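Here's the structure, in structure tokens; my notes come after.
Excluded from the calculations below are hydrogen atoms, water molecules and symmetry mates; all remaining heavy atoms, backbone and side chain alike, are included. What you are looking at is a predicted structure, and each value in this text was computed from that prediction instead of being measured.
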Amino acid sequence: MAKNLTEDAVCDMARDILGLADTDDVRAGVGQLTTFNQFGFSGAADKPDGWYLPKNRNEVAVILETKGSSVQLKQPQVDEILKNVHIAQSQYEKVVGILYNSEDVRVFKGDKEVRTAAMLQRVSYYLSLFTVDKIDKERIYSLTAKINNCLHFEFGIKSLYHRMIFTACALVAERYGAGLNRLKDLGYSTFHTAIHSTLSKSLAKSRSQNMKIDILLEEYSDIKMNTTDNQNAINDFIDWVVEISECVNSNEWRGEDVMGIFFNEFNRYKKKSESGQVFTPEHITDFIYKILEVNMDDRVLDATCGSGGFLVKAMANMIHEAGGMETAKATEIKSQQLYGIEFDREIFALACANMLIHKDGKTNLEQMDTRTEAACDWMKSKHITKVMMNPPYENKYGCMTIVENVLDSVEPHTMCAFILPDKRLEKASKVQMKRILKHHRLRKVIKLPEDLFFNVGVTTSIFVFESGVAQAGKEFFACYMESDGLATVKNKGRHDIYGKWADIEARWVDVVLKQSGDTTCQWINPAEHLSYQVPQKPFEISEEDFRKTAMDYLMFQRGIDTKQFNDSLLSTMLYSSQVNDGEESVSVVMKKGGTVDDGN
């Protein structure tokens, strides 16, 4: 490194290494003439040497202080950078301070100095200092349970879905820069208005593209509370929401790792949702993604999308395959490759929030009824290549009509997976099933663990159809995943507490794709069955059972009441007998002379 560089030369060097340049979303650069006051920090005349200031105040800001190469980075220089960090903290919760002299670099995460690379890095390196490195699922479950109880008992929000929508809107607002931590101790009205204002203003562009934002805002505005004067409860709620938001922003996020926990934890408090919906466990959405061999170029549909679990999982996996959130392909995936329909207005609002929490305001979600011709026309226009769904099971919600409409509305040879009760196809109208199988082919049935939907009391299978291809009497493959390795945790639902699922999933993906490799594998004639057939246990009878049955029959022929006879015999043995206890045996001698020896 060259010696005796001036402060200006070091500043220019830092600009190039960090990559500080203005963008549409960030003011970034170096110089020694611009004051904090000119950046909007009222009353602050100090001049930073370099800055990275996102327009979204919820993101990480970086402040740079440079010195000539001959100046050592000691306490006076540290005090200078920390002073500027504190100024930035008046508007940004997350601030990184960098002190640099061309040879040495000292980095501060807020007030605390942290160990980093010895050489100055790109600015993205320092932004990642605030990224959660590992998602603690147990912590998220705990936080979500606390949020649910707080909204229920402290705020008096009785409706489960209103509690979910309120929390989801707070998470969306935090993700879009509301800075909820700055709203502590300011009262409920300020807190409530800030969330609504952030949703409305920050999502203006998304609103022009999709009116779903208006539905989310309307549902949020309609939520009523019994009390709003508990400031401690408001502050606790803010802390919990901010922590969950940080996990969603983690590099470890894989779609449902966080949001699946959030939605499933809330739904644990109901055996079944008010709209006949059963929310799909996160590990099963991932399993279906894999057995359908979805890839980053697919166009994915969930025509009863509920809270959006399948779509979020698909988005996460497809973007991961594409190389990450910053790629052009990621934008294309979010805007052109994910499609959902949800009929229930409240649940539709949750689906919108779920996508928005992940910085996606463009996903094609529509509030409509999949049973209608309008929905069919909409699906036909999207050129879908994969379908992943868990439709409502009851007839009153049109379960099989939904399945048939989806199959009829997607491109030929589209692989479509539906989670349905085990015998749902066999209980459907024979006319309807004949019509479905005339145009579409049932390819695979995977019976799922019987305790998967333990809180609903229904056993299910994944039914995989190929659209536009007649069954023509051809057999279909079936198998039975008897266990997913998850265990029920008291008051927390089912979890992979023993870490078994990864291996179980890999094995069953292999079985399903190869259509072999397990003793439960079957090939079934659709004319005989439309479900996995659990093998019947062979009929067995013991000699004792045979004798008992024969004796019962003889007594029946003689008009003897079996129960009365048994009671009389027991009474006689207990109360009308003599017990002899010898050294080697115990015998019971009946008064009438009968002896029963126990053989000891």
Between Asn235 and Asp185, a side-chain donor and acceptor under 3.5 Å: yes

Looking at Glu80 and Lys67, is there a salt bridge between them, counting it only when a charged N and a carboxylate O are closer than 4.0 Å? yes

Looking at Glu174 and Leu180, what are the two nearest heavy atoms and their distance? OE1-N, 3.0 Å

With a sphere of 6.0 Å drawn around CD of Gln72, does it hold more than 12 non-hydrogen atoms of other residues, nucleotides or ligands? no

Could you tell me whether Asp298 and Lys386 have a side-chain N and a carboxylate O separated by less than 4.0 Å? yes

Would you call Asp24-Lys55 a salt bridge at under 4.0 Å N-O? no

Relative to the ring of His192, is the ring of Tyr188 parallel (under 30°), tilted (30 to 60°) or perpendicular (over 60°)? tilted

Rounded to the nearest 0.5 Å, what's the gap from CE on Met13 to OG on Ser102? Could you check? 5.5 Å

Do you know the tightest heavy-atom contact between Ala314 and Leu338? CB-CD2, 4.0 Å

Salt bridge or not between Asp79 and Lys83? Use side-chain N to carboxylate O under 4.0 Å. no

Pair Leu186, Phe191 - check side-chain contact (heavy atoms from CB on, under 4.5 Å), show working. CA-CA 7 Å; Leu186 298 180; Phe191 167 70; over 6 Å; no

Using distance alone, with no hydrogens and no angle criterion, decide if Asp286 and Asn317 have a side-chain donor and acceptor under 3.5 Å apart. yes

Working to the nearest 0.5 angstrom, can you tell me the gap between Trp51 CH2 and Arg15 CZ? 10.5 Å

I'd like to check the salt bridge (Lys or Arg N to Asp or Glu O under 4.0 Å) partners of Glu219; sequence neighbours left out, ordered by chain and number. Arg345

Minimum side-chain heavy-atom gap His152-Arg163 below 4.5 Å: yes

Around atom NZ of Lys158, are there more than 12 heavy atoms from other residues, nucleotides or ligands closer than 6.0 Å? yes

Look up atom CG in Leu217 and atom CD1 in Ile195, then write down how far apart they are to the nearest 0.5 Å. 11.5 Å

Glu154: what forms a side-chain contact (heavy atoms from CB on, under 4.5 Å) with it, not counting sequence neighbours? Cys150, Asn230, Ala233

Ion pair check, Lys329 and Glu332, cut-off under 4.0 Å: yes

Where does the angle between the aromatic ring planes of Phe166 and Phe155 fall among parallel (under 30°), tilted (30 to 60°) and perpendicular (over 60°)? tilted

Test Val300 against Tyr339 for side-chain contact (heavy atoms from CB on, under 4.5 Å), laying out the working first. CA-CA 6 Å; Val300 178; Tyr339 298 89; over 6 Å; no

Could you tell me the separation between the CE atom of Met318 and the CE atom of Met296, rounded to the nearest 0.5 Å? 9.0 Å

So, His283 and Asp496: side-chain donor and acceptor under 3.5 Å apart, yes or no? no

For residues 110-119, the side chain to side chain donor-acceptor pair (under 3.5 Å) pairs (sequence neighbours left out) are His86-Asp111, Arg106-Glu113

Beyond-backbone contact of Ile419 with Met389, side-chain heavy atoms, under 4.5 angstrom: no

How about Tyr289 and Ile284: do any of their side-chain heavy atoms sit closer than 4.5 Å? no

As a quick check of understanding, evaluate side-chain hydrogen bond (donor to acceptor under 3.5 Å, both in side chains) for Arg57 and Gln91, giving each step before the final call. CA-CA 7 Å; Arg57 302 293 176 84; Gln91 295 190 18; 2.2 Å; yes

Value rounded to 0.5 Å, distance of CD1 in Ile98 from OH in Tyr125: 10.0 Å

Closest non-hydrogen atom pair between Asn364 and Ser335, with its separation: ND2-O, 3.2 Å

Heavy-atom closest pair (Ala351 atom, Gly308 atom, distance to 0.1 Å) is CB-N, 4.2 Å

Distance under 6.0 Å and angle within 45° of the ring axis: does Lys109 meet both against Phe130? yes

Search all heavy atoms of Leu82 against all heavy atoms of Gly110 and return the closest pair with its distance. CD2-O, 3.8 Å

Non-hydrogen atoms of Ala45 and Thr35 that approach each other most closely: O-CG2, 3.5 Å

